[in-house]
Undergrad: 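Quick one: the structure is below, and I'll ask about it shortly.
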Amino acid sequence: MDIADELRARPALVSRSSLRTQDEVRSDIAIHLRHVQELSTYLNTFAPVSTLPSELLSNIFKHVADVSCEIFREDHWAIERDWDHWAVGYHWAVVSHVCKHWRQVALGRSSLWGNITVTRQREWMQLLLERSQETPMTVSVDMTKAKRRPSVVYNEVLASARLVLSHLPRVCTLSFRFADPEDACYDELLHGNAPLLEQLHIHNRNPSIIGPPTPSSSPISQCFHRILHHPNTRRLQRLAIYGFKVSWDSISLPSLTSLVIRLGRADMTGLLNALARMPLLQSIYLDDAVSFDSWPPPRMPRIALAHLRVLDLREDMTLLCNYRLSHLHCPSLRHLVVQPGHGRSRESEAFLAAVESILHYLGQFQTVMLRTLWGTGPICHEVYAFNEVIAGGDFRDDLCWSEGQVHHPALTIRLDHSVEAETLIKLYQLPVFEKTRSLFVTGESLQPRYWRALGRGMKGVTHLHFQPTPYSKKTFPIQALLPQWEVPVPSGGAGSVRVQALASGGNAQVEDTDVYYPFPRLRILILCHDTLIKTLNAQEYATYMTALLDCFIERYEGGAEIETLRLRSSARPAEIEAPHWHRLEEVVRFVEFDRSDQITASTTA
C-alpha cells in the first residue's frame with residue numbers, strides 16, 4: 001500500500017476537540033510527512049539537474065573523481081591533514097549529495113569507486129570494494145605515514161591494506177610507498193599475481209635513500225621481483241621505480257611503454273639487455289639509475305627502440321659516454337634531455353661524441369636558447385633547442401610561449417659548474433647547430449670565448465636576442481659581433497689557433513682570408529634597453545651606443561650588415577638624446593622599440 005492509499009484508508013481529520021489517542025495523532029503525522037517527502041522528491045525530478053541523462057552524469061562524475069584523486073595524491077599536506085578522515089581522497093563524492101537521481105547514478109557506476117587510497121578506516125575500504133564490484137582498481141598504499149603513527153594506527157592501516165590487496169587480481173594500477181624494506185608484512189600483502197596490472201609505482205621513501213639502494217634480498221624486493229617476473233605481468237605498460245634496486249637480467253616486459261628509474265643503481269648491462277626486450281617503449285627517464293658492476297664494460301649491440309619519443313638521462317658523465325646514447329637506435333625520438341653529473345676532462349670529448357651520435361634523430365634545430373646561471377644552484381649552463389623558428393617569446397623553465405602557442409624543446413642539455421670551458425665551446429660548435437636561425441641568450445652574460453664559439457658555430461643565425469637577468473649588471477658584449485681573426489699557436493700543434501677580436505678602427509695587419517664575421521647572416525639584433533639604462537650612467541651610455549654604432553658600420557663595410565636594431569623597453573626611452581637618436585637612424589636601417597610586456601625573454605630559473 002502506497003502513501004496515497006494509506007491516507008484514503010484513514011478516517012478524515014477531525015477537530016481538535018475530538019477524542020483521539022496520541023498514538024493515532026503521531027501515526028497521522030508520520031503518514032502525511034512521508035507523503036510530503038514523496039511529493040517533494042517527485043517535484044525535484046522537474047529540476048534541470050535531475051533531467052540530465054545518466055550516461056552524461058556518469059562520465060562527468062568519472063572525470064571529477066579521477067582529477068580529484070590525482071590532485072589529492074600529489075598534495076602531501078592534504079594526505080597528512082586528512083589521514084584519519086573516512087573519505088580520504090573521496091571529497092568528490094559530495095556530487096552524489098545533490099539529489100536522489102545523482103546519487104543513484106553515482107552508486108550505479110562501479111568504476112567511480114575503484115580508485116582506492118588505503119587508510120586506517122577498514123569499513124570504508126570494505127564499502128569501496130563492494131561498490132566497485134568487479135571493475136579493475138587503482139590502489140595506492142603508503143606505509144610510510146603509518147610508520148610515523150602509533151602502533152595501533154599502523155596495525156589498522158595494515159589490516160586495511162590486507163583487505164584491499166586481497167583483491168590484487170583486480171588491480172590495474174598499483175602505487176606502493178614504503179620506508180622499511182625489511183618489514184616482513186610486505187610478503188603477505190603482495191602475495192599472488194596481478195594479471196590486470198598495467199601501471200606499477202614503487203617508491204622507497206626512507207630518508208636514508210641517499211645511501212645504498214634497497215638490497216635485492218629484502219622482503220619488499222622479493223615481492224616486487226616476483227610480480228615483475230610473473231608471466232601474467234606481461235601486460236605492464238608503465239613502470240616507475242624510486243630508490244629500489246631491481247635485477248633486470250631476466251625481466252621481460254614486452255608491453256611496457258614508459259620506464260622511470262630514479263636512484264636505482266642497477267647494473268648497466270642487465271638494464272640494457274632488458275631494454276632490448278621492451279620494443280614498445282615510448283619514454284625513458286633515468287636519474288642515477290645505473291652503475292657498472294664490471295669495468296671496462298663489455299661491448300653490446302645497438303638497441304632498437306622504434307617507438308621511443310622521450311629520453312631523459314640524468315647520469316654520471318662516464319655512463320653517458322660509454323653506453324647510454326651511442327647504443328640506442330630511436331628514429332622516432334622527439335625530445336632528449338641530458339644532464340650529466342661530474343665528469344673528468346678526458347670524458348668531455350666522449351660525452352659530446354655520445355650526444356652527437358643521437359642528435360640527428362631530433363631533426364634540424366631552428367631556435368636555440370642558452371641560459372647561464374651563477375650562484376643560483378648546481379646547474380650552470382642550459383641549452384634548449386627547438387625545431388621551430390621562434391622570432392620572439394617568453395621563456396619559462398624549458399617552455400616557450402610565442403603568439404599564443406607553447407613550444408617544447410626537442411633538446412635540453414643542463415651542465416653543472418664542473419664542466420670545462422672547452423666542453424662548452426665544442427658543444428656550441430656541433431654541426432647540428434649550424435643552421436640555427438634564432439638565438440636567445442639569457443641569464444648572466446657569456447664569457448667572450450663562448451661568444452666566439454657561438455658566432456663561429458651558429459653561422460645561420462639571423463635573429464640574436466640578448467636578455468640578461470633582471471638583477472644583472474651585464475650589457476651585451478659588442479666585441480662578440482666584431483670581425484675576428486685566427487692566429488696560429490705553434491705550441492698547440494699544427495691545427496691550433498688563437499681567435500681574437502679585431503678592434504674597430506684598429507691597425508692590426510692581417511690577411512683578408514684570416515678575418516671572419518661572427519654570425520655572418522645576422523640581420524636583427526634585439527637588446528634590452530632597460531638594462532642599459534639601469535647599468536650605465538650617462539657617459540657610459542653614450543660610449544656604449546657609440547661603440548655599438550661603430551660595430552654596425554664595421555659590419556656594413558665588411559658585407560655582414562645588421563639591418564635592424566630592436567630595443568626592448570617599457571616605453572620609448574627618453575634617455576636617448578636627439579644626437580644619439582639621429583645617429584641611430586643614419587647608421588641602422590631599421591630602429592625599433594618593443595614594449596617589454598609584449599615581447600620578453602624571461603630568464604627566471
Side-chain angles (χ1 to χ4, degrees), residues 1-72 75 78-79 81-135 137-138 153 156-157 159-160 163-164 167:
M1 180 182 296
D2 59 11
I3 295 295
D5 294 337
E6 189 174 353
L7 285 173
R8 284 192 292 269
R10 300 288 295 172
L13 290 176
V14 295
S15 63
R16 297 181 181 178
S17 61
S18 300
L19 296 176
R20 303 183 63 184
T21 64
Q22 293 183 1
D23 292 340
E24 289 179 342
V25 174
R26 291 192 181 96
S27 177
D28 281 347
I29 291 174
I31 293 174
H32 284 80
L33 287 178
R34 288 198 300 272
H35 191 199
V36 171
Q37 184 179 10
E38 185 177 88
L39 290 176
S40 299
T41 301
Y42 182 70
L43 180 63
N44 289 338
T45 61
F46 294 95
V49 295
S50 298
T51 59
L52 293 174
S54 299
E55 295 79 7
L56 177 61
L57 276 176
S58 181
N59 292 333
I60 294 175
F61 293 167
K62 179 62 175 173
H63 174 74
V64 174
D66 291 343
V67 173
S68 177
C69 291
E70 188 66 27
I71 293 176
F72 181 84
D75 187 353
I79 296 176
R81 181 180 62 250
D82 296 338
W83 175 252
D84 296 323
H85 197 269
W86 67 273
V88 58
Y90 281 85
H91 301 296
W92 63 268
V94 295
V95 299
S96 66
H97 303 165
V98 174
C99 63
K100 184 177 181 179
H101 174 56
W102 282 32
R103 181 165 181 80
Q104 290 175 344
V105 172
L107 294 177
R109 179 72 181 267
S110 57
S111 60
L112 286 175
W113 310 98
N115 200 329
I116 300 178
T117 300
V118 174
T119 69
R120 59 185 295 192
Q121 302 297 333
R122 192 177 186 278
E123 295 78 7
W124 174 239
M125 300 294 103
Q126 181 65 46
L127 183 61
L128 292 176
L129 291 173
E130 293 174 357
R131 291 182 178 179
S132 62
Q133 300 177 13
E134 297 300 324
T135 58
M137 298 188 304
T138 296
V153 176
E156 291 175 352
V157 174
S160 296
L163 174 63
V164 174
H167 296 260

Undergrad: Please find the pair of heavy atoms, one from V118 and one from M125, that lie closest to each other, and give the distance.
TA: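 Closest pair (atom of V118, atom of M125, distance): CA-SD, 3.8 Å.
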Undergrad: Rounded to the nearest 0.5 Å, how far apart are NE2 of H32 and OG of S27?
TA: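 With rounding to 0.5 Å, NE2 (H32) is 10.0 Å from OG (S27).
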Undergrad: To the nearest 0.5 angstrom, please state how far the OG atom of S111 sits from the CE atom of M137.
TA: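 Those atoms lie 13.0 Å apart.
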Undergrad: Applying side chain to side chain contact (heavy atoms under 4.5 Å, CB included), can you list everything that pairs with R122, at least two apart in sequence or on another chain?
TA: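 Checked R122 against side chain to side chain contact (heavy atoms under 4.5 Å, CB included); matches are A159, S160, L163.
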Undergrad: Please round to the nearest 0.5 Å and tell me the distance separating atom CG of L129 and atom CD of E134.
TA: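 Output value for this atom pair is 10.0 Å.
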Undergrad: How many angstroms lie between atom OG1 of T135 and atom CH2 of W113, to the nearest 0.5 angstrom?
TA: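 Interatomic distance, T135 OG1 to W113 CH2, rounded to 0.5 Å: 12.0 Å.
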Undergrad: State which residues pass side chain to side chain donor-acceptor pair (under 3.5 Å) with Q104; sequence neighbours excluded, sorted by chain then number.
TA: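 None.
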Undergrad: Applying side chain to side chain contact (heavy atoms under 4.5 Å, CB included), can you list everything that pairs with E55, at least two apart in sequence or on another chain?
TA: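 Scan of E55 (side chain to side chain contact (heavy atoms under 4.5 Å, CB included), adjacent residues dropped) gives P53.
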Undergrad: State the CD1-CH2 distance between I60 and W102, to the nearest 0.5 angstrom.
TA: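 Between I60 CD1 and W102 CH2, I get 7.0 Å after rounding to 0.5 Å.
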Undergrad: I'd like to know whether R26 forms a side chain to side chain contact (heavy atoms under 4.5 Å, CB included) with I29, so could you lay out the CA-CA distance, the side-chain angles of the two residues, the decisive distance to 0.1 Å, and finally the verdict.
TA: CA-CA 5 Å; R26 291 192 181 96; I29 291 174; 5.5 Å; no
Undergrad: To the nearest 0.5 angstrom, please state how far the CG atom of L112 sits from the OG atom of S132.
TA: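 Output value for this atom pair is 11.0 Å.
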Undergrad: Between L57 and H101, does the side chain to side chain contact (heavy atoms under 4.5 Å, CB included) criterion hold? Intermediate values first, please.
TA: CA-CA 10 Å; L57 276 176; H101 174 56; 3.6 Å; yes
